[in-house]
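The structure appears right after this line, and notes come after that.
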Amino acid sequence: YLIAMPIAVMLMGKSTVIETRKFDMKPGLFFKLLLMCLPMMWAGSVFGSMLSMVLSNGEATDRVADLAMQTNIWNVVFLVIVGPIFEEWLFRKQLIDHTRKYGEKTAILLSGLAFGLFHMNLFQFFYAFLLGLMFGYVYTRTSKLRYSTAMHMIINFNGGVLAPWVLTRVDLDQLEKVSEAAENGNAAAMEQWASQNVEGLAIMLVYFVLYGAVILAGFVLLIRNFKKFEFYTAPEERHPCQNRVRQRWHDYVHHGHLHADGRQSAYVDDCLPDNDGDAGDVNDADICMEMMKAGQGYVPLTGLQSFNAV
């Protein structure tokens, strides 16, 4: 972190950052998007593990998962606090801010790809990539780092603290031995082990049932809301005539004719095409929206309206 972060900032420092409006996210929407992260993470983890095993003829081991199983205070500090803060600052704040002018989808894709590659192993690449897409979308729609950082912390807490704690409630090393004994006909050894780990087995059962339920709920939410993800036109994606409209709107606002947060329309050239492909008129809703986007960055005043309506 201490080496890579400053270098990344220096490399991106020459790129311009466009101003964007900031939006709050309601707790219900935050929870809904967080649930959608879980099936993405699960699917990416399964695919990454399978691919790693295939490419290594079954010899690959997930050393990061082994490290996470070592429950201690440093896992909490780095996995749950320091890691999410620095990673969200770099992959969302810095990377997206410097690339979103080329298109929101492009910026989010680059952010997710860089986030996946940063983990440097196939076990984590795919689920980190998918989570990076969701974190990038959340940041792009709010322009506030707190929401994606909070999601990142919650997911890391589950994977790096809660899940290892649950798994250590039972003696897994002893389980491997008694399983071999049971295969050789010693069923009493398995019964004895189970009786000694009743509490731990109950905790594991509750955890995995609940985890499976929230993954299923996340899948349902993803399917129902997939078409409601919103992406808006960035400055570098605009048609040349749209940029002229943007400049005229900027001049109009800053000459004192209209406050930057106003919702009124203003006279513009007829060069901006409407939804029908021909020149729009002054009252066209698309023109008004383009002008509002140009007033303070390009993020519209409506925020996450489609998700709020769910």
Side-chain angles (χ1 to χ4, degrees), residues 24-51 62 64-65 67-69 71 75-76 79-81 83-85 87-88 91-92 108 111-112 115-116 119 123-142 144-170 172 197 199-230 304 306-310:
D24 293 323
M25 180 181 290
K26 295 181 179 179
L29 179 57
F30 175 87
F31 183 69
K32 185 183 298 182
L33 292 172
L34 177 62
L35 284 181
M36 293 183 197
C37 289
L38 299 180
M40 298 169 67
M41 181 177 66
W42 176 81
S45 179
V46 170
F47 184 77
S49 297
M50 292 176 61
L51 184 60
D62 189 351
V64 177
L67 180 63
M69 286 297 296
T71 54
N75 275 9
V76 177
L79 291 178
V80 183
I81 301 174
I85 291 175
E87 290 170 12
E88 291 306 302
F91 296 109
R92 256 56 72 181
I108 292 171
S111 173
F115 186 56
H119 288 77
F123 285 99
Q124 291 184 295
F125 170 77
F126 294 99
Y127 80 74
F129 168 68
L130 294 175
L131 286 177
L133 296 181
M134 180 62 82
F135 294 160
Y137 179 77
V138 169
Y139 176 71
T140 303
R141 288 282 62 80
T142 62
K144 291 184 177 181
L145 205 58
R146 68 185 68 164
Y147 300 112
S148 61
T149 302
M151 288 182 177
H152 197 156
M153 286 181 172
I154 292 171
I155 289 173
N156 277 17
F157 175 79
N158 176 65
V161 178
L162 182 58
W165 179 84
V166 169
L167 292 175
T168 55
R169 295 309 90 193
V170 298
L172 296 177
N197 292 270
E199 182 180 350
L201 289 172
I203 293 173
M204 287 183 62
L205 177 63
V206 172
Y207 173 80
F208 285 112
V209 168
L210 291 177
Y211 191 56
V214 295
I215 288 177
L216 180 60
F219 266 122
V220 173
L221 287 172
L222 270 176
I223 294 171
R224 290 185 58 187
N225 295 280
F226 184 76
K227 294 183 179 180
K228 294 183 179 181
F229 284 88
E230 299 167 319
L304 284 160
S306 62
F307 274 105
N308 289 333
V310 176

Shortest non-hydrogen pair, Val80 vs Met153, comes out as O-CG, 3.0 Å
Which atom pair, heavy atoms only, marks the closest approach of Glu88 to Leu145? O-CD1, 3.4 Å
Heavy-atom closest pair (Ala128 atom, Gly116 atom, distance to 0.1 Å) is CB-CA, 3.9 Å
Set out, in order, the CA-CA distance, both residues' side-chain angles and the distance that settles side chain to side chain contact (heavy atoms under 4.5 Å, CB included) for Leu222 and Met40, then state yes or no. CA-CA 9 Å; Leu222 270 176; Met40 298 169 67; 3.7 Å; yes
Test ring pair (Phe, Tyr, Trp, His ring centres under 6.0 Å) applied to Phe115 and Phe129, Phe91, Phe125, the passing residue: Phe91
Going from CZ on Phe123 to OG on Ser45, what distance comes out if it is rounded to the nearest 0.5 angstrom? 9.0 Å
Does the side chain of Phe135 come within less than 4.5 Å of Ile108's, by heavy atoms? no
Within the side chain of Arg141, is there an N or O that forms a donor-acceptor pair under 3.5 Å with the backbone of Glu230? yes
Kindly compute the distance separating CG (Asn225) from NZ (Lys32), expressed to the nearest 0.5 Å. 5.5 Å
Might you point out which heavy atoms bring Tyr139 and Ser148 nearest each other, and give the distance in Å? CB-OG, 4.4 Å
May I ask you to test the Thr149-Arg146 pair for a side-chain heavy-atom distance under 4.5 Å? no
Ignoring hydrogens and angles, write down the donor-acceptor pairs under 3.5 Å from the side chains of residues 155-164, residues two or more places apart or on other chains.
| residue | atom | partner | partner atom | Å |
| --- | --- | --- | --- | --- |
| Asn156 | ND2 | Leu79 | O | 2.6 |
| Asn158 | OD1 | Tyr207 | OH | 2.8 |

Heavy-atom pair with the smallest gap, counting every atom of Phe229 and Met134: CZ-CE, 4.0 Å
Any side-chain heavy atom of Met41 sitting closer than 4.5 Å to one from Ile215? no
Roughly how far, to the nearest 0.5 Å, is the OG atom of Ser49 from the OH atom of Tyr127? 9.0 Å
Measuring from atom CG of Leu131 to atom CE of Met36, what distance do you get when rounded to the nearest 0.5 angstrom? 14.0 Å
Evaluate the side-chain proximity of Trp42 to Phe219: yes if any heavy-atom separation is below 4.5 Å, no if none is. yes
When rounded to the nearest 0.5 angstrom, what is the spacing between CD1 in Ile203 and OG1 in Thr168? 9.0 Å
Leu133 vs Leu130, side chain to side chain contact (heavy atoms under 4.5 Å, CB included): CA-CA, chis, key distance, verdict: CA-CA 5 Å; Leu133 296 181; Leu130 294 175; 4.3 Å; yes
Can you check whether Phe30 reaches Met151 side chain to side chain, under 4.5 Å on heavy atoms? yes
Minimum heavy-atom distance Pro39-Gly218, with the two atoms named: CG-C, 3.5 Å
Judged by atom type as modelled, is there a donor-acceptor pair below 3.5 Å linking the side chain of Tyr147 to the main-chain atoms of Val138? no
Test item: Ile154 and Leu34 side chains (from C-beta on) under 4.5 Å apart, heavy atoms: yes
